[in-house]
Amino acid sequence: MNVLPPSFGHCWDLMPRTLEGQITMEKTPSYFVTREAPARISAMSKDTKLIVVVRDPVTRAISDYTQTLSKRPDIPTFESLTFKNRTTGLIDTSWSAIQIGIYAKHLEPWLHHFPIGQMLFVSGERLISDPAGELGRVQDFLGLKRIITDKHFYFNKTKGFPCLKKAEGSSKPHCLGKTKGRTHPEIDREVVRRLREFYRPFNLKFYQMTGQDFGWDG
Ligand SMILES: Nc1ncnc2c1ncn2[C@@H]1O[C@H](COP(=O)(O)OS(=O)(=O)O)[C@@H](OP(=O)(O)O)[C@H]1O
């Protein structure tokens, strides 16, 4: 997890200068789950627009595990890390791969500092099934003209994901790198079922808080 800079002044100093008509963006996945982040970002600029990309927390946990596995192939199985006690089905919520997917809990402190209308929740699933549609929402949210549309994407069968027809400043197609869109290991169906059951109430709360049904629960 990234450590945020200790002072807001320092935060500003790290940002590039923004000219009239420009938008400065910063992306750090860990902000959403960092307790101090909402107060610090709000103190830096309370007009900051916030974009959060979320996907089904069960798939997210498996994706997170797959990423760790790629760096440390000797870690225990996903199934054994999921449970504190497999017999009772008690889930280890202290495992970060599980903890991060409790979106309703992480969203709570942000709402003490930002109105919900200043936050956009992007569906990770729709980013794959309809990238132009989801980026249309992002452009609208940022008050930009819809420049990026369907025309910019094609589905790459080899990659199994949408890719750009032309990369920025190039005439060649561009897909995301090897670390995006990895094949996930097969996870025991009963473990997946238990995780779905675990996340359900948190997901429902999250749908309520955001006013969006992400469709992770059937
Ligand atoms: N177009 C396209 N190409 C490839 N991958 C795509 C795309 N759109 C979304 N995704 C999904 O993005 C997941 C990886 O994002 P990360 O979580 O690593 O992003 S981050 O940099 O940590 O924010 C990655 O997760 P994994 O499938 O687990 O690798 C993808 O499912």
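When a ligand or atom number is given, it counts from 1 through the structure's own listing order. These numbers come from the heavy atoms of this one structure, side chains and all, not from hydrogens, waters or symmetry mates.
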| query | In a check of side-chain contact (heavy atoms from CB on, under 4.5 Å) between Thr82 and each of Ile62, Ile187, Ile98, which one passes? | reply | Ile98
| request: Could you verify whether a donor N or O on one side chain and an acceptor N or O on the other, from Gln118 and Lys46, lie under 3.5 Å apart? | output: no
| request: Examine Lys49 relative to Phe141 and say whether NZ or CZ is less than 6.0 Å from the centre of the six-membered ring and inside a 45° cone about the ring axis. | output: yes
| query | Can you list the atoms of ligand 1 that are under 4.0 Å from a heavy atom of Lys27? | reply | 20 (S), 21 (O), 23 (O)
| field | Proximal atoms of ligand 1 relative to Ser63 (non-hydrogen, under 4.0 Å) | value | 25 (O), 26 (P), 28 (O)
| query | Counting heavy atoms only, which of Arg182, Arg55, Lys180 is nearest atom 21 (O) of ligand 1? | reply | Lys180
| query | Considering only heavy atoms, which of Ser129, Cys163, Gly181 lies nearest to atom 29 (O) of ligand 1? | reply | Gly181
For [atom], the protein heavy atom that lies nearest, with its residue and separation:
{"atom": "atom 1 (N) of ligand 1", "result": "Pro162 O, 2.9 Å"}
{"atom": "atom 22 (O) of ligand 1", "result": "Pro29 CG, 3.7 Å"}
{"atom": "atom 7 (C) of ligand 1", "result": "Phe161 CD2, 3.6 Å"}

| query | So do Pro29 and Lys27 actually touch side chain to side chain, heavy atoms under 4.5 Å? | reply | yes
| said: Please verify the inter-ring angle class for Tyr207 with Trp216; under 30° counts as parallel, over 60° as perpendicular, anything in between as tilted. | reply: tilted
| request: Examine ligand 1 and decide if any of its atoms is less than 4.0 Å from a heavy atom belonging to His184. | output: yes
| ligand 1 N/O within reach of Gln67 N/O, cut-off under 3.5 Å | no
| Short N or O distance, Ile128 and ligand 1, threshold 3.5 Å exclusive | no
| request: Please confirm whether Trp110 and Tyr31 have ring centers closer than 6.0 angstrom. | output: no
| query | Taking the six-membered ring for Trp, is the centroid-to-centroid distance between Phe121 and Phe206 below 6.0 Å? | reply | yes
